Engineer: 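This is the structure I have questions about; it appears just below.
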2 protein chains.
Amino acid sequence: MKTQTPARTNKKQQLLDSALTLFVNQGIDATSTASIAKHAGVANGTLFHHFPSKEALVLALYKSIKQDFALQIKPFQLEANQLKQQAKQVWDQAIEWAVINADKQQFCLQVSQYHQLSSQVKAQVLAEEFGYLPLLIDFGQRHNIIANYPLQLMVDNAHGQFISSSMYLTNHPELVQDTLHREAIFEMFWKAFSL
Amino acid sequence: MKTQTPARTNKKQQLLDSALTLFVNQGIDATSTASIAKHAGVANGTLFHHFPSKEALVLALYKSIKQDFALQIKPFQLEANQLKQQAKQVWDQAIEWAVINADKQQFCLQVSQYHQLSSQVKAQVLAEEFGYLPLLIDFGQRHNIIANYPLQLMVDNAHGQFISSSMYLTNHPELVQDTLHREAIFEMFWKAFSL
DNA sequence: GTCTATAGTGCGATAGAC
DNA sequence: GTCTATCGCACTATAGAC
């Protein structure tokens, strides 16, 4: 794997960083490619050298963020007698990432409602995100720890709770370190799923 | 309350209907005011007679939808010994509306990520939507039926589960009448909240 | 790879007749 | 209230020099 020269990577990364900032503050459609280039300190045409279109830029940013998130989640060797504790660690890692990277989390929500990207592409990227969760649910079901609801329904429910919980903490930064709130968040998730 | 002549109301309503259809299929930003007028069978300028701007049209549509939803939820005189059953009825009414009015529900999700409308305005409209839920939670907490988590956290969590559940059913229409799925959806919600 | 300059397009909103 | 016609602007993407 040949590493690109820093100079090359640099402007491309600056464009991605600026795009994220502006997208989150103004919305994707309301952010012009020209303003992204200006914010990144590069020329207008340079953006289209690195990304063939605005849509491609959005997709590249989306993929890089989902990859960043996936790296944050460190899977365990699942054990039945401490599954709840393991679930809490995974859950907390996910929440932690979303709160620290509130802008990235916000952008992902925007992308989910961005019609210029096909649902197919978005679903594909999203499926890779929570690949670990179905394993955990299936394991818990086989050991009679987790309720036998339909798998996809549970995955979607978990995703919904993840979004609402991380947004809640993002909107109330003073509560991020509050154990009462952090435990309440996980308890709701876990109780919904456990037998 | 003086009723407007049908003719007057008609074109305005046609514009709102066409806007909803096009917004959901193409996204709000990607839908031009001209295409809305054309789809509604009225002239371009007529749209700006009824709505001073595109933004005002979006807001009017949003408000009318939230009002429509609120009318669907019929509150109960809460009783401690049948609170779960009452919660299920309210929950099912909400899910029912969202599935039947999938386009309206979808549009509301788009609005939540629509930066042209101020967060303040959106929050105000949203607060009126689920006004009944805090009452139910508070009642359940005082009768030791519902867990003592922070109120706003529970409201947000319920909203998140409502969105993910209704989307799940919308994406799997054949399951809408399936009692197994319908009960699993409510059980996850209720278990998350109950003591 | 990066720049400047601009082509080409489509949009929101207005003006004014009926 | 509804129409036609159009203005002015901002945007994506390209062309071509360096």
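Since this is a predicted model, take the numbers as computed values, not measurements.
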Engineer: Please tell me which of the listed nucleotides, D:dA13, D:dC11, D:dC3, lies nearest to the side chain of A:S32?
Structural biologist: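 The closest nucleotide is D:dC11.
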Engineer: Side-chain N or O of B:K11 versus OP1/OP2 of D:dC3: is the shortest distance under 4.0 Å?
Structural biologist: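 Affirmative; the distance criterion is met.
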Engineer: Starting from C1' on C:dA13, measure out to CD on B:Q116 and report it in whole angstrom.
Structural biologist: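 Nearest whole value for this atom pair: 16 Å.
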Engineer: Between A:L22 (CG) and D:dA10 (P), how many Å, whole number?
Structural biologist: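 It is 17 Å, rounded to the nearest whole Å.
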Engineer: Between A:N44 (CG) and C:dT6 (P), how many Å, whole number?
Structural biologist: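 Rounded to whole Å, this separation is 14 Å.
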Engineer: Taking atom CG of B:L83 and atom NE2 of B:H143, what is their separation to the nearest 0.5 Å?
Structural biologist: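 Here the rounded value is 8.5 Å.
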Engineer: Counting just side-chain N and O atoms, does A:H49 come under 4.0 Å of either OP1 or OP2 of C:dT2?
Structural biologist: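 Indeed not, no polar side-chain atom of A:H49 lies that close.
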Engineer: For A:T33 and D:dT12, is the shortest distance between a side-chain N/O and OP1 or OP2 below 4.0 Å?
Structural biologist: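 Yes, A:T33 has a side-chain N/O under 4.0 Å of OP1/OP2 on D:dT12.
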Engineer: Just how far, in rounded Å, is C1' of D:dA13 from CD1 of A:I36?
Structural biologist: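 Rounded to whole Å, this separation is 14 Å.
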Engineer: Categorize B:S35 for me: base, sugar-phosphate, or nothing, with a 4.0 angstrom heavy-atom threshold over every strand shown.
Structural biologist: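 Contact class for B:S35: none.
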Engineer: Looking only at side-chain N and O atoms, does B:K38 come under 4.0 Å of OP1 or OP2 in C:dC11?
Structural biologist: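 No, because none of the side-chain N or O atoms of B:K38 sits under 4.0 Å from OP1 or OP2 of C:dC11.
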Engineer: In Å, rounded to the nearest 0.5 Å, how long is the span from CG of A:D156 to CG of B:N171?
Structural biologist: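 A:D156 CG to B:N171 CG: 8.0 Å, rounded to 0.5 Å.
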Engineer: Any chance the side chains of A:Q72 and A:D68 put a donor and an acceptor closer than 3.5 Å?
Structural biologist: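 No, A:D68 and A:Q72 have no side-chain donor paired with an acceptor closer than 3.5 Å.
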Engineer: If I take atom CG in residue B:D29 and atom P in nucleotide D:dT12, what distance separates them, rounded to the nearest angstrom?
Structural biologist: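 Taking CG of B:D29 and P of D:dT12, I get 11 Å after rounding.
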Engineer: Round to the nearest Å and state the distance from A:L47 atom CG to C:dT4 atom P.
Structural biologist: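 For the pair A:L47 CG and C:dT4 P, the rounded distance is 14 Å.
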Engineer: Closest to the B:V42 side chain: C:dT2, D:dC3, D:dT2?
Structural biologist: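 So the nucleotide nearest the side chain must be D:dC3.
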Engineer: Nearest to the side chain of A:F48 - C:dA13, C:dT4, D:dT12?
Structural biologist: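 Side chain of A:F48 sits closest to D:dT12.
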Engineer: Using a heavy-atom cut-off of under 4.0 Å over every strand shown, decide if B:T46 touches base, sugar-phosphate, or nothing.
Structural biologist: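 The residue B:T46 makes base contact.
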Engineer: Measure the spacing between CH2 of A:W190 and CD1 of A:I146 and express it to the nearest 0.5 Å.
Structural biologist: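 Between A:W190 CH2 and A:I146 CD1, I get 4.5 Å after rounding to 0.5 Å.
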Engineer: What is the distance, to the nearest angstrom, from the CG atom on B:L15 to the P atom on C:dA13?
Structural biologist: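 Rounded to the whole Å, the gap is 14 Å.
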Engineer: Is there side-chain contact between A:Q116 and A:I28, with at least one heavy-atom pair below 4.5 Å?
Structural biologist: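 Counting from C-beta outward, A:Q116 and A:I28 never come under 4.5 Å.
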Engineer: What integer distance in Å separates A:L57:CG from D:dC11:P?
Structural biologist: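 Going from CG in A:L57 over to P in D:dC11 covers 16 Å.
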Engineer: Taking the nucleotide of DNA chain D with the closest heavy atom to each, which residue, A:K54 or B:A43, is nearer the 5' end?
Structural biologist: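 Final value for this comparison: B:A43.
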